[in-house]
Amino acid sequence: MYDIKWIRENPQEFDLGLERRGLQPLSEQVLKMDKDYRSNQTALQEMQSKRNTLSATIGQVKKEGGDVDSIMREVSEIKDKMAVLEEDTKKKGDEIFALLSSLPNTPDASIPTGPDESANVVVRQEGVIPTFSFTPKEHDELGANLGMMDVEQAGKISGARFTFLKGPLARLERALGQFMLDTHTTEHGYMEMDVPLMVRDNAAFGTGQLPKFREDLFQTTNGYWLIPTAEVSLTNSVAGKILEEKDLPLRLTALTPCFRSEAGSAGRDTKGMFRQHQFYKDELVSITTPEDSFNELERMTKCAENILQKLGLPYQVVCLSSGDMSFTSHKTYDLEVWLPGQNRYREISSCSNCGAFQARRMDARFRRPGEKGTQHVHTLNGSGVAVGRALIAVMENYQKEDGSIVIPEVLRPYMGGMTVIKKD
RNA sequence: GGAAAGGUGGCAGAGUGGUCGAAUGCGGCAGACUCGAAAUCUGUUGUACAACUUGUUUGUACCGAGGGUUCGAAUCCCUCCCUUUCCGCCA
């Protein structure tokens, strides 16, 4: 959500941001709407002021036993005019709000401009891509051969994009989630949170899923939205609040299931459990001051990277281009993990600085000591990391020729000391 | 799900149609007293938007949310949300 005052002061910057997003300039239209709205508002306020004064006079005169008929008639006339103006003003205000809330965040000056992922820039690559003396298999084949992954049966009871995991493989997924959560809370200073998985409209609006992306979400029969990421609940934990500067940054993490309809991705990644309607993800959220948010983005990305490093998974960090970034983001780094079975890097995490974009939508503010008024906080979110995809990455990177999977050192304590998963 | 009582400023808590943005207490901030602190005393203390003469200015809105009644609503009416208590059900 844009700050209308900022648009008034930086119309050309506003248009440039839209252009980099592949959209038409709008500043002229927005400023015209804004001007009309404000002149309406001023006229309306003058009427309200007059009405208030006259009404107060009525009270006064009545007390003194005077005659109030003529004043009441006067107020009546004002009221009639007000009703019309009021309606028009509300309409104008709603139109501006609807337009502004449908526009994506401005891309930061530091990120590449481009229409889509082709313009993304690889920032760095870490880890060693493993070599195999055999042709490495994809995770779904490995899982099926082990007898621990059943997509077919899941399809029978739930349809496409669901999976059963069994035995040690199910435990490995749980181990990954616990390992991530423990690492973020004990080493990275994040506070563990347990959050609602179902939210109302206003929360989904706050983080930017609504109104534009409702078709990507699942909704219950009584109107709740299933969270597509814990970002929704974690970030909205400060919705409507005025925080103290000394309490920032807030660093929050939660391990939750995520629910996505995957409406726009029919036919993509249909094999195995790469793209599911339901998956676990450890989410990181930071609430910061405006001056700290860019440093926090670097820090958050490192926290997510640390998980992949500890797991011994090779990956690259990609700075997303203006055309590939999500709706709410100001700057985004994706972490792409190496998948030997697919022989390429695939997204496993996305860390974004949303600036004040979400904070304005949910009215999350902070106060500086000694300063009057409030400012919106900056919000950041990142996957730290997607658990289902981490499972895939571990399976494919740690596979042996006989189809067994070596368990990474850091996960063994979570696996009761088990070192390898093999068919029994 | 049934019944009842409620939702007021950072917190507690008055206010049931007319200078109520809202008493009072606590907290916060500033000052006095003090070598300093505590106690005490004095003052001050919400948010957002708009306007212009950009000011310790003026106006408007905000007492859970949205509607309504009225010349005038924190106060009356309707709908919704939330909280608490009791009952029922339940992991």
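- Searching all strands for a Watson-Crick or G-U wobble partner of C41(B) with both distances below 3.5 Å returns G31(B).
- When the nearest nucleotides of RNA chain B are assigned to Gln375(A) and Val75(A) by heavy-atom distance, the more 5′-ward of the two goes with Gln375(A).
- Summarising the base pairing, C90(B) is matched to no nucleotide, lacking a Watson-Crick or G-U wobble pair whose two defining distances lie under 3.5 Å.
- With respect to Arg365(A) and Asp363(A), a salt bridge is recorded, a charged nitrogen being found less than 4.0 Å from a carboxylate O.
- OP1 and OP2 of G46(B) both lie 4.0 Å or more from every side-chain N or O belonging to Arg367(A).
- Listed by chain and number, the residues in a salt bridge (charged side-chain N to carboxylate O under 4.0 Å, His left out) with Asp150(A) are Lys166(A) (sequence neighbours excluded).
- The existence of a salt bridge linking Glu283(A) and Lys281(A) is confirmed by a sub-4.0 Å separation between a basic side-chain nitrogen and an acidic carboxylate oxygen.
- Sorted by first and then second residue, the ring pair (Phe, Tyr, Trp, His ring centres under 6.0 Å) pairs involving residues 11-44 of chain A (not counting sequence neighbours) are Tyr2(A)-Phe14(A).
- Look at the C1' atom in both U54(B) and A50(B): the space between them is 14 Å, to the nearest Å.
- For Leu99(A), the side-chain contact (heavy atoms from CB on, under 4.5 Å) partners are Leu26(A), Gln29(A), Val30(A), Met33(A), Ser102(A), not counting sequence neighbours.
- The distance from atom CD1 of Ile71(A) to atom P of G18(B) is 18 Å, rounded to the nearest whole Å.
- Contact annotation: Lys62(A) side-chain N/O to G72(B) OP1/OP2 distance is not under 4.0 Å.
- Spacing between atom CG of Asp363(A) and atom P of U47(B) amounts to 12 Å, rounded to whole angstrom units.
- When both pairing distances are held under 3.5 Å, A65(B) makes a Watson-Crick or G-U pair with U79(B).
- C62(B) and G68(B) are spaced 13 Å apart, taking the P atom of each and rounding to whole Å.
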Using nucleotides 65-69 of chain B, report all nitrogen or oxygen pairs with the protein that are shorter than 3.5 Å.
none

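- By the side-chain hydrogen bond (donor to acceptor under 3.5 Å, both in side chains) test, Asp88(A) is found to be paired with Asn40(A), Lys92(A), residues two or more places apart in sequence or in another chain being considered.
- Taking atom C1' on both nucleotides, C81(B) is separated from A65(B) by 7 Å, rounded to a whole Å.
- Atom P of U40(B) sits at a distance of 50 Å from the matching atom of U79(B), rounded to the whole Å.
- Using atom P as the reference point in both A14(B) and G31(B), the two lie 35 Å apart (nearest Å).
- Every residue two or more places apart in sequence or in another chain that forms a side-chain hydrogen bond (donor to acceptor under 3.5 Å, both in side chains) with His188(A) is listed here: His184(A), Asn306(A).
- The gap from the P atom of A4(B) to that of C78(B) amounts to 14 Å, rounded to the nearest Å.
- Near RNA chain B, meaning a heavy atom under 4.0 Å from it, residues 237-252 of chain A has no residue at all.
- Taking atom CZ on Phe97(A) and atom P on C49(B), their separation rounds to 14 Å, with Å as the unit.
- Atom CD1 of Ile4(A) is separated from atom P of A48(B) by 17 Å (rounded to the nearest Å).
- In this structure, the side-chain contact (heavy atoms from CB on, under 4.5 Å) partners of Arg412(A), at least two apart in sequence or on a different chain, are Val406(A), Ile407(A), Glu409(A), Thr419(A).
- Within residues 36-58 of chain A, the residues having any heavy atom closer than 4.0 Å to RNA chain B are, in order of number, Arg38(A), Gln41(A), Thr42(A), Gln45(A), Gln48(A), Ser49(A), Arg51(A), Asn52(A), Ser55(A), Ile58(A).
- When rounded to the nearest whole Å, the span between CE of Met362(A) and P of A48(B) equals 18 Å.
- Taking atom P in both A32(B) and G17(B), the straight-line distance is 46 Å, to the nearest Å.
- A salt bridge links Arg368(A) with Glu291(A): the closest approach of a Lys/Arg side-chain nitrogen to an acidic carboxylate oxygen falls below 4.0 angstrom.
- Under the rule for a side-chain hydrogen bond (donor to acceptor under 3.5 Å, both in side chains), Gln153(A) has no partner lying at least two apart in sequence or in another chain.
- Applying the Watson-Crick and G-U wobble criteria (two distances, each under 3.5 Å), A14(B) pairs with nothing in any strand.
- With rounding to whole Å, Phe366(A) atom CZ is found 14 Å from U47(B) atom P.
- A 3.5 Å limit on both hydrogen-bonding distances identifies no Watson-Crick or G-U partner for A74(B).
- The CZ-C1' distance, from Arg73(A) to U70(B), rounds to 17 Å in whole Å.
- Base pairing of A50(B) is made with U58(B), judged by Watson-Crick or G-U wobble geometry with both donor-acceptor distances under 3.5 Å.
- Comparing Asp3(A) and Gly59(A) against RNA chain B, the residue whose closest nucleotide sits nearer the 5' end is Gly59(A).
- Between Arg8(A) and Asp34(A), at least one side-chain N (NZ, or NE/NH1/NH2) sits under 4.0 Å from a carboxylate O, which counts as a salt bridge.
- To the nearest whole angstrom, the two P atoms, one in G9(B) and one in A22(B), are 15 Å apart.
- Searching all strands for a Watson-Crick or G-U wobble partner of U19(B) with both distances below 3.5 Å returns nothing.
- The pair Lys310(A)-Glu187(A) meets the salt-bridge criterion, with a side-chain N (NZ, NE, NH1 or NH2) lying under 4.0 Å from an Asp/Glu carboxylate O.
- Taking atom CG of Asp69(A) as the reference point, atom C1' of G72(B) lies 15 Å away to the nearest angstrom.
- For residues 38-62 of chain A, no pair satisfies ring pair (Phe, Tyr, Trp, His ring centres under 6.0 Å), with sequence neighbours left out.
- Checked against side-chain contact (heavy atoms from CB on, under 4.5 Å), Glu117(A) has the following partners two or more places apart in sequence or in another chain: Asn120(A), Asp324(A).
- Residue contacts shown for Arg8(A) are limited to sugar-phosphate atoms, with no base heavy atom under 4.0 Å away.
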